There are 2 protein chains.
Amino acid sequence: MDAIDLSLVELLRGNARLSYAELARQVGLSAPAVHERVGKLESGGVIRAYRAEVEPETIGLGVTALIGIVEDSGADTDDVLEAFRVMPEIESCYFMAGVESFLLKARVGTIAELEQLIVRLNRTAGVASTRTSIALSTKWENRPQPVSPPPA
Amino acid sequence: MDAIDLSLVELLRGNARLSYAELARQVGLSAPAVHERVGKLESGGVIRAYRAEVEPETIGLGVTALIGIVEDSGADTDDVLEAFRVMPEIESCYFMAGVESFLLKARVGTIAELEQLIVRLNRTAGVASTRTSIALSTKWENRPQPVSPPPA
DNA sequence: ACAGTCCGTGGACGCGATCGACCTGAGCCT
DNA sequence: AGGCTCAGGTCGATCGCGTCCACGGACTGT
């Protein structure tokens, strides 16, 4: 993981569809060299996936909510997680420090669907309570930040 | 925006580096037809960007925090937003319903850097208070959900 | 000094991206 | 009804890219 790898990561975070030839020009190597480096970044777990970022409203997901979850005392955290995992509307799931064990980011089409989701969450074994905040608008999301060298 | 466009969006959300030829095979059209459709999805604002998803720890961003922001009464929300926008460690910014006007997702390398960020946030004109929760681990993030037709 | 390893380059070749020409069906006007 | 127009597709051709391979130079340890 040297400076060139970092540039490659940064370039691909900005535009995942850059061709190897173009990447090669930007970092000053040949295309095969870049191909090999990117392959290693992928198999080494640095690059997890390449995703198209979609305007959620345009695919019928106009409602974004952030939901804090308080677990029952004695709940099995793994089971709770598994229950969350099968709910497709939960786009992100963080395990948190604090009273609320989880913070979920969910996207649904309508407030009615959000209501149903909250009901399902409250019924989930191990969940003591939920606290939902609605996002009125997303100013930006997953903005890549300039990379810095990893801890030495 | 028909069923084929939805499939294309779904395929590209799963893997943004799919070739047009491969997309064409999957949806049963020719490559040029897919090329044109994807171009329209991009210029029509459905597809915002293509991004490589990176394991944050590997690029020296091991600390994730979610920060709620309460505005001063009479603060200029646009100015506050602008101040947030120039802080690169703020990856996502939602404008929320509730006492806290904003919810920020920030990633930094160390707790010390998080502390500095919070200080800067509290000093920002228009910010009355902040409330920070630390994510101990990210279970998943930005998982694409199966697309459904947009509201009719 | 030598051999092994790592990481790069250059060449070759087949596939994909992309352009232009043409085709077809739906909707509309006369 | 018949014909125009347009949107959106296919086909064919060309050119550049992805990818495999053989080769070469720098570094390292012995």
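Note that the coordinates shown come from a computational prediction; the quantities given were computed from them, not determined experimentally.
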TODO: Specify the residues of residues 39-52 of chain B, ordered by number, for which at least one heavy atom lies under 4.0 angstrom from an atom of DNA chain C.
DONE: none

Open item on the list: For DNA chain C, which residues of residues 7-21 of chain A approach it to below 4.0 angstrom with any heavy atom?
Closed with: none

Task: Under the ring-ring contact (aromatic ring centres under 6.0 Å, His included) test, residues paired with B:Tyr50 that sit two or more places apart - done: none

- [ ] With sequence neighbours excluded, tell me which residues meet ring-ring contact (aromatic ring centres under 6.0 Å, His included) with B:Tyr94.
- [x] none

TODO: Would you please test A:Trp140 and B:Arg85 for side chain to side chain contact (heavy atoms under 4.5 Å, CB included) and show each step?
DONE: CA-CA 9 Å; A:Trp140 66 86; B:Arg85 198 179 298 276; 3.6 Å; yes

Task: Opening and closing nucleotides of DNA chain D in contact with chain A, under 4.0 Å to non-hydrogen atoms - done: D:dC17 to D:dC20

TODO: Go through the structure and list residues passing salt bridge (Lys or Arg N to Asp or Glu O under 4.0 Å) with B:Asp78, not counting sequence neighbours.
DONE: none

- [ ] For A:Glu53, check salt bridge (Lys or Arg N to Asp or Glu O under 4.0 Å) against everything at least two apart and list the hits.
- [x] B:Arg48, B:Arg51

Open item on the list: Run the side chain to side chain contact (heavy atoms under 4.5 Å, CB included) test on B:Met1 and A:Ile59 for me, step by step, so that the C-alpha distance in whole Å, both residues' side-chain angles and the decisive distance to 0.1 Å come before the verdict.
Closed with: CA-CA 9 Å; B:Met1 194 66 180; A:Ile59 54 168; 3.8 Å; yes

Please list every donor-acceptor pair under 3.5 Å in which a side-chain atom of residues 21-29 of chain B meets a protein atom from a residue at least two apart or in another chain.
unit_1: B:Glu22; atom_1: OE1; unit_2: B:Arg25; atom_2: NE; d: 3.3
unit_1: B:Glu22; atom_1: OE1; unit_2: B:Arg25; atom_2: NH2; d: 3.1
unit_1: B:Glu22; atom_1: OE2; unit_2: B:Gln26; atom_2: NE2; d: 2.9

All side-chain hydrogen bond (donor to acceptor under 3.5 Å, both in side chains) counterparts of [X], not counting sequence neighbours:
X: B:Thr132; result: none
X: A:Thr138; result: none
X: A:Glu36; result: A:Lys40

TODO: Could you run through nucleotides 8-14 of chain C and give me one letter per nucleotide, 5' to 3': B if any protein heavy atom sits under 4.0 Å from the base, S if only the sugar-phosphate is that close, - if neither?
DONE: SBB----

Open item on the list: Check this for me, if you would: do A:Arg13 and A:Glu10 make a salt bridge, where the nitrogen-to-carboxylate-oxygen distance has to be below 4.0 angstrom?
Closed with: no

Task: With B:Glu89, the side chain to side chain donor-acceptor pair (under 3.5 Å) member among B:Gln116, B:Lys105, B:Arg120, B:Arg107 - done: B:Arg120

